[in-house]
Amino acid sequence: ARLRERGEKEDALSQLAHAMTALNDKEEALRDVVVARGRIATLEVDQEALVGQHRSIASRMLDMEIMVSNVEGAAAALRSDAADKVREVRASMWALTEENSHLQETAAALRSECEALTMQLEIVRAEQQWEGQRTKALEVQLQRLQEHTRIGRSSSEG
């Protein structure tokens, strides 16, 4: 009976040891579950932070896309304005070229007219000089005639 009691005690001790081991394993498993839950909570917090960052980045990307669109629109408007200005400048240059051509033609005509007037002036001066010489010659002839007339009167009076 003692042996039996002893065997029963040993069985009970063995079962108790197994139960203690199982209990220790369960406690360790519970600690692992608690640690895992802590990690999960940390990961959930990190995930929420990442979602917030993602939303912020998406919002900034949308803002940047709007800015890019605005810049592209402004660039297109500037290109259009520049093209208009180029057309205006080209038209002004063409008009100035036409005006310059007209002015050159006018200047050439005025030069020709000036040359013709200069020639006429030279002719008039030459005629005046000839008339002046002729007038002097006539004055000399007049004086001679007057002298002859005086001489003729004085001889017919005397």
Side-chain angles (χ1 to χ4, degrees), residues 19-158:
M20 292 284 284
T21 302
L23 185 61
N24 283 338
D25 288 346
K26 284 183 182 181
E27 281 181 6
E28 195 174 311
L30 281 174
R31 276 192 298 262
D32 288 347
V33 166
V34 168
V35 168
R37 284 185 178 161
R39 284 185 187 155
I40 289 171
T42 301
L43 288 173
E44 286 174 347
V45 168
D46 289 348
Q47 182 182 9
E48 286 299 317
L50 288 173
V51 166
Q53 288 177 356
H54 179 267
R55 285 184 186 134
S56 175
I57 288 170
S59 174
R60 281 188 276 166
M61 285 178 66
L62 181 61
D63 290 345
M64 287 182 182
E65 286 176 7
I66 291 169
M67 286 172 36
V68 165
S69 177
N70 290 341
V71 167
E72 287 173 344
L78 287 173
R79 280 191 298 274
S80 176
D81 288 349
D84 290 346
K85 292 294 180 197
V86 165
R87 281 191 290 278
E88 287 175 21
V89 167
R90 285 184 178 154
S92 294
M93 286 174 56
W94 184 82
L96 288 173
T97 301
E98 288 293 313
E99 187 175 340
N100 185 39
S101 177
H102 176 70
L103 289 173
Q104 286 178 351
E105 290 171 5
T106 302
L110 289 173
R111 276 193 297 276
S112 294
E113 191 174 330
C114 186
E115 288 173 7
L117 289 172
T118 301
M119 291 174 82
Q120 286 178 359
L121 180 62
E122 288 175 9
I123 292 170
V124 167
R125 283 183 181 157
E127 288 175 348
Q128 283 178 340
Q129 188 177 12
W130 183 79
E131 288 290 330
Q133 290 172 355
R134 188 170 170 215
T135 302
K136 284 182 186 176
L138 288 174
E139 285 174 353
V140 168
Q141 284 179 354
L142 180 62
Q143 281 178 347
R144 285 185 191 155
L145 280 174
Q146 286 173 345
E147 284 177 20
H148 285 322
T149 307
R150 268 190 240 142
I151 295 173
R153 280 189 198 158
S154 9
S155 48
S156 62
E157 288 177 9

Answer yes or no: is there an ion pair linking R60 with D63, defined by an N-O contact shorter than 4.0 Å?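 Not counted as a salt bridge, because no side-chain N and carboxylate O are separated by less than 4.0 Å.
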Flag, side chain of [X] to backbone of [Y], donor-acceptor distance under 3.5 Å:
{"X": "S56", "Y": "G52", "value": "no"}
{"X": "T118", "Y": "C114", "value": "yes"}
{"X": "S80", "Y": "A76", "value": "no"}
{"X": "T135", "Y": "E131", "value": "yes"}

Look up atom [atom1] in [X] and atom [atom2] in [Y], then write down how far apart they are to the nearest 0.5 Å.
{"X": "E122", "Y": "L117", "atom1": "CD", "atom2": "CG", "value": "11.5 Å"}
{"X": "H54", "Y": "L50", "atom1": "NE2", "atom2": "CG", "value": "10.0 Å"}
{"X": "Q104", "Y": "T106", "atom1": "CD", "atom2": "OG1", "value": "10.0 Å"}
{"X": "M67", "Y": "L62", "atom1": "CE", "atom2": "CG", "value": "11.5 Å"}
{"X": "Q146", "Y": "Q143", "atom1": "CD", "atom2": "CD", "value": "7.0 Å"}
{"X": "E99", "Y": "S101", "atom1": "CD", "atom2": "OG", "value": "10.5 Å"}

Check against side-chain contact (heavy atoms from CB on, under 4.5 Å), E28 and N24: CA-CA 6 Å; E28 195 174 311; N24 283 338; over 6 Å; no
Walk me through whether V34 and R37 qualify under side-chain contact (heavy atoms from CB on, under 4.5 Å). CA-CA 5 Å; V34 168; R37 284 185 178 161; 5.7 Å; no
Quick check: are there more than 12 heavy atoms from other residues, nucleotides or ligands sitting under 6.0 Å from CZ of R31?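 More than 12 heavy atoms, drawn from other residues, nucleotides or ligands, come within 6.0 Å of this atom.
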Which heavy atom in R79 sits nearest to a heavy atom in E72, and how many Å separate them?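 Heavy atoms only, the tightest pair is NH2-O, 4.5 Å.
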Qualifying residue for side-chain contact (heavy atoms from CB on, under 4.5 Å) with E44, from T42, I40, D46: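 Checked T42, I40, D46 against E44; only one passes side-chain contact (heavy atoms from CB on, under 4.5 Å): I40.
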